[in-house]
*Asks:* 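Could you have a look at this structure, given as structure tokens, before my questions?
We name chains A, B, ... by the order of the sequence lines, and we start the count at 1 in each one.
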Amino acid sequence: MGKHASAKVTTVTVTPRQALWLELMAFYTHEAWLLDERKFKEWLDLFTDDVLYFMPRRKNVLRREAHREVTPLGDLSLIEDDRRYLEMRVARLETGMAWGEDPPSRTRHLIGNLVAEPLSKGEVKAKTAFLVYRSHLETDHQLLAGSREDVLRRVNGAWKIAKRTVLLDANVLLDKNLSIFL
Amino acid sequence: MGATQKYSIIDPATGKIDRGIFSDQAVYDQEMEKIFGRAWLMIGHESLVPKVNDFFHTYMGEDPVILTRDGQGRLHALLNMCRHRGNRVVRCDDGNATRFMCTYHGWTYGSDGKLEHVAGMSEAYYDALDKPSLGLVQARVDTYAGIVFATWAEDAPSLEAFLGDARWYLDTVFNRRDGGMQALGPMKWLEPVNWKTMVDNCSDNYHVPTTHLSSARVQTRYLGRPPLSHKDQFESPNKHVFVNGHSLTFREAPDNTPRYVHGISKDTFPLFQAYHEATLPEVERRLGAFRARHVQLGNHSIFPNGVLGFRLALPRGPLQTEFWHFVLLEKDAPEALKHAIRIGSQANNGAAGLFEQDDVDNWRQVTAASKSRLGRRISQDLSMGLGHAGAHPEYPGVVSERYISENNQRLFYQRWEEFMNAESWADIPIAPITARFEGTATLHG
Ligand code: FES
Ligand SMILES: [Fe+2]
């Protein structure tokens, strides 16, 4: 053994909050790869049975009325899916006849700016930002930006998303449809 | 001024149409003038501006328009263009304001459009500015069952005449309840599609079993909805009818079941049936027994760009359309029913809608086909069901014998020609109202 064998081993202590952050960052990186590699059934496994997947609209309102910028649950939204609708979306792609995604889009999900904070009853709130690139058919392409606010809980030891709120940074969506997952 | 250019883009004997109308900038510019500058256009819903001084930002063609309810509760459609240099005076989607101040030099308008205040009226303008003539430009406004329409044309006929007998059918969705409807939305997105293809699609039930096959499959599996096969469509008792520019489909349904909308599933059907039965006496009083029990409006468009319900195809150049999706709910319906309709509507229609996702690439390629050298020389074929439509003893308008037909499309493009070739409204034929409007419902609800 060389002289390095006696080198001092440095132990890095992480706080519980940092440990959570590391764990969730790995979770979101994994999720991004599932989506970009079109493993949608495995992606569905990341959600709880009682999931609410919500994408409100963004309105132009004055700064002093900022509370009206994001449409609340109960208003018309872009997506307000329960588990059954999420499953239908994935099952649809698998029919091989969902023409809007067949041939499929090429996507790249970049997820970052993670902030995680424990809630009560073992649940966790995690906010991330995303840049998602979509390329479809020959030259159609779109860059979608926004944030996701998730409520996660452990089911059989694994993190699952119980609620996801996707805030798209757009008023008029510039893409021809929203046929990819965010 | 030269005579109006005469378009002859459809051969009614063969159903061939000239593809150039989907991509030519010159044709598009004429459409803005001759169609969007003349017709009554759907621009909003009264429920979007319920209180005095509420406003909702909308469009007439490409012209930005503020729908306001003034201090007296009257509706106005105001061109969102300051009369000084032309800045927009409203940049919000909606809100409540007694006046609109232009952010450029501060000219300020009331919610009724009047120019109220000009900075430097005496110091800069020597009191010589004619304020009364410089209010925001206003369109004519009228409503049908809460839906707000506006037109720039002073010589346009009344909204009632413009809708004509189409209203006899439209009432079966929009005018059923005493309490009226409320609009939620819009969800907005930009499609690389000519606006006419979306309108044309409202009477195209031929595409459903092919375009929407995947969604129909999973809906049968998960929600217990019918498969929407070709057989279903070909054997459907539904009909197409064309009235005064408006393309409609309807169901002749003596089975007395609720209208089949997104949101109905095996689980929710009893809720819809119970609501149908509970409201039937009211609907019979309002629309008469025949319409209440036998007629259900299906997919439809209101000329020129009102698409399937209260949804708008807003032209943005020949190759682009901004699509606005709203959902309309009967105000007095039970919350559980409203919830089911809202969820069904937004999950199936709209940018992320299971059904609507699959429409767009088809439509955009129909638009794009008209750009290539060879493509544009080869006409579209709209010959389906030629010679199989006409007057019907019970139903007003031109009724197609079969549900799957291109009669409405042919007549839509003929209507398009009538508008494009007219010097003024005097040249645009309006079909007389012949339907018997039984019941108490009126144009205004
Ligand atoms: S442009 Fe509006 S005040 Fe000058
Ligand atoms: Fe469709």
Side-chain angles (χ1 to χ4, degrees), chain A residues 53-65 68-69 71-103 105 136-140 142 166 168 170-182, chain B residues 57 90-97 183-193 210-219 221-223 265 314 316 320 322-327 329 335 338-339 342-348 350-365:
Chain A
Y53 183 106
F54 178 45
M55 193 185 298
R57 295 181 288 126
R58 300 284 295 272
K59 298 209 290 192
N60 289 305
V61 295
L62 292 178
R63 209 170 271 273
R64 65 169 179 263
E65 294 177 24
R68 295 202 305 116
E69 182 185 350
T71 57
L73 264 175
D75 201 335
L76 182 75
S77 49
L78 281 113
I79 301 179
E80 186 183 327
D81 278 359
D82 59 10
R83 172 108 205 164
R84 180 165 68 167
Y85 266 106
L86 279 182
E87 283 179 8
M88 281 166 63
R89 287 180 193 274
V90 171
R92 205 177 85 79
L93 297 176
E94 290 184 342
T95 63
M97 296 174 293
W99 311 123
E101 276 296 325
D102 226 324
S105 292
H136 190 227
L137 299 179
E138 292 170 323
T139 55
D140 292 356
Q142 183 61 219
V166 181
L168 268 182
N171 178 251
V172 179
L173 180 68
L174 298 180
D175 213 350
K176 57 186 179 178
N177 55 15
L178 199 57
S179 56
I180 60 167
F181 296 109
L182 295 171
Chain B
H57 195 266
V90 167
R91 294 172 182 173
C92 293
D93 294 347
D94 55 32
N96 182 279
L184 301 179
M187 172 197 309
K188 308 185 277 191
W189 74 107
L190 203 60
E191 299 189 9
V193 174
T210 309
T211 299
H212 301 300
L213 186 53
S214 63
S215 300
R217 282 253 167 114
V218 297
Q219 299 231 335
R221 175 144 42 105
Y222 286 81
L223 304 176
S265 64
L314 299 167
R316 293 289 181 265
Q320 275 194 321
E322 189 173 314
F323 202 88
W324 283 18
H325 172 71
F326 294 84
V327 61
L329 303 167
E335 287 308 314
K338 288 191 200 176
H339 182 263
R342 181 175 60 80
I343 296 290
S345 167
Q346 73 195 14
N348 290 294
L354 292 169
F355 277 74
E356 203 149 353
Q357 280 178 36
D358 290 332
D359 283 313
V360 188
D361 287 310
N362 295 340
W363 297 343
R364 72 89 55 87
Q365 283 159 15

*Asks:* In chain order, what residues pass the ring-ring contact (aromatic ring centres under 6.0 Å, His included) check against Phe326(B), with sequence neighbours excluded?
*Replies:*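 Result, ring-ring contact (aromatic ring centres under 6.0 Å, His included) vs Phe326(B): Phe310(B).
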
*Asks:* Give, for atom CE of Met88(A) and atom OH of Tyr222(B), the distance between the pair rounded to the nearest 0.5 Å.
*Replies:*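 Atom-to-atom, Met88(A):CE and Tyr222(B):OH are 8.0 Å apart.
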
*Asks:* Is Arg91(B) in contact with chain A via its backbone, its side chain, both, or neither, using a 4.5 Å heavy-atom distance?
*Replies:* backbone

*Asks:* Under 4.5 Å from any heavy atom of chain A, what part of Glu322(B) do you find: side chain, backbone, both or neither?
*Replies:*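 The answer is the side chain of Glu322(B).
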
*Asks:* Which one wins on heavy-atom pair count under 4.5 Å against chain A: Leu223(B), Asn362(B), Asp359(B), Val193(B)?
*Replies:* Leu223(B)

*Asks:* How many angstroms lie between atom OG of Ser214(B) and atom CG of Leu93(A), to the nearest 0.5 angstrom?
*Replies:* 8.0 Å

*Asks:* Counting only heavy atoms closer than 4.5 Å, note whether Asp140(A) contacts chain B via side chain, backbone, both or neither.
*Replies:*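 It is the side chain, since no backbone atom gets that close.
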
*Asks:* Go through the atoms of Asp94(B) and report whether side chain, backbone, both or neither lie under 4.5 Å from a heavy atom of chain A.
*Replies:* both

*Asks:* Measuring heavy-atom distances to chain A, does Leu213(B) have an atom under 4.5 Å in its side chain, in its backbone, in both, or in neither?
*Replies:*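 Just the side chain, heavy atoms under 4.5 Å.
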
*Asks:* So how far is it from Leu190(B) CG to Asp175(A) CG, rounded to the nearest 0.5 Å?
*Replies:*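 Output value for this atom pair is 9.5 Å.
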
*Asks:* Return the option, out of Arg364(B), Gln346(B), Gln219(B), with the maximum number of heavy-atom pairs under 4.5 Å with chain A.
*Replies:* Gln346(B)

*Asks:* Can Asn171(A) and Asp93(B) be said to form a side-chain contact (heavy atoms from CB on, under 4.5 Å), step by step?
*Replies:* CA-CA 10 Å; Asn171(A) 178 251; Asp93(B) 294 347; 2.9 Å; yes

*Asks:* Out of Ala183(B), Ala347(B), Gly350(B), return the one with the most heavy atom pairs under 4.5 angstrom to chain A.
*Replies:* Ala347(B)

*Asks:* One thing to verify: whether Arg342(B) and Asp75(A) come together as a salt bridge, which I'm taking to mean a side-chain N less than 4.0 angstrom from a carboxylate O.
*Replies:* no

*Asks:* Would you say the side chain of His136(A) lies within less than 4.5 Å of the side chain of Asp361(B), judging by non-hydrogen atoms?
*Replies:*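 Result yes, sub-4.5 Å side-chain heavy-atom pair found.
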
*Asks:* Is the backbone of Ala351(B) close enough, under 3.5 Å, to the side chain of Asn177(A) for a donor and an acceptor to pair up by distance?
*Replies:*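 No.
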
*Asks:* How far does CG of Leu184(B) sit from CZ of Arg57(A), to the nearest 0.5 angstrom?
*Replies:* 7.5 Å

*Asks:* Can you tell which of Leu178(A), Ile79(A), Leu78(A), Leu173(A) makes a side-chain contact (heavy atoms from CB on, under 4.5 Å) with Met187(B)?
*Replies:*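 Exactly one option meets the side-chain contact (heavy atoms from CB on, under 4.5 Å) with Met187(B), and it is Leu78(A).
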
*Asks:* Pick one of side chain, backbone, both or neither for Leu137(A), based on which atoms fall under 4.5 Å of a heavy atom in chain B.
*Replies:*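 For Leu137(A), the side chain is the part near chain B, not the backbone.
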
*Asks:* Side chain of Asp358(B), backbone of Gly100(A): donor and acceptor closer than 3.5 Å?
*Replies:*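 Answer holds: yes.
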
*Asks:* Using 0.5 Å steps for rounding, measure from the CZ atom of Arg58(A) to the NZ atom of Lys188(B).
*Replies:* 12.5 Å

*Asks:* Given a strict heavy-atom distance threshold of 4.5 Å, which part of Thr71(A) is in contact with chain B: side chain, backbone, both, or neither?
*Replies:* neither

*Asks:* Counting only non-hydrogen atoms closer than 4.5 Å, does His339(B) touch chain A with its backbone (N, CA, C, O), its side chain (CB onward), both, or neither?
*Replies:* side chain

*Asks:* With a 4.5 angstrom heavy-atom cut-off, could you sort out which part of Glu94(A) is near chain B: side chain, backbone, both or neither?
*Replies:* neither

*Asks:* So, do Leu354(B) and Arg89(A) sit near enough that their side-chain heavy atoms are less than 4.5 Å apart?
*Replies:* yes

*Asks:* What's the separation between atom CH2 in Trp99(A) and atom OG1 in Thr210(B), rounded to the nearest 0.5 Å?
*Replies:*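 Nearest 0.5 Å value for the CH2-OG1 distance: 8.5 Å.
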
*Asks:* Do you know the tightest heavy-atom contact between Val172(A) and Trp189(B)?
*Replies:*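 Nearest heavy atoms, Val172(A) then Trp189(B): CG1-CA, 3.9 Å.
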
*Asks:* Assess the side chains of Ser215(B) and Arg92(A): does a donor N or O sit below 3.5 Å from an acceptor N or O?
*Replies:* yes

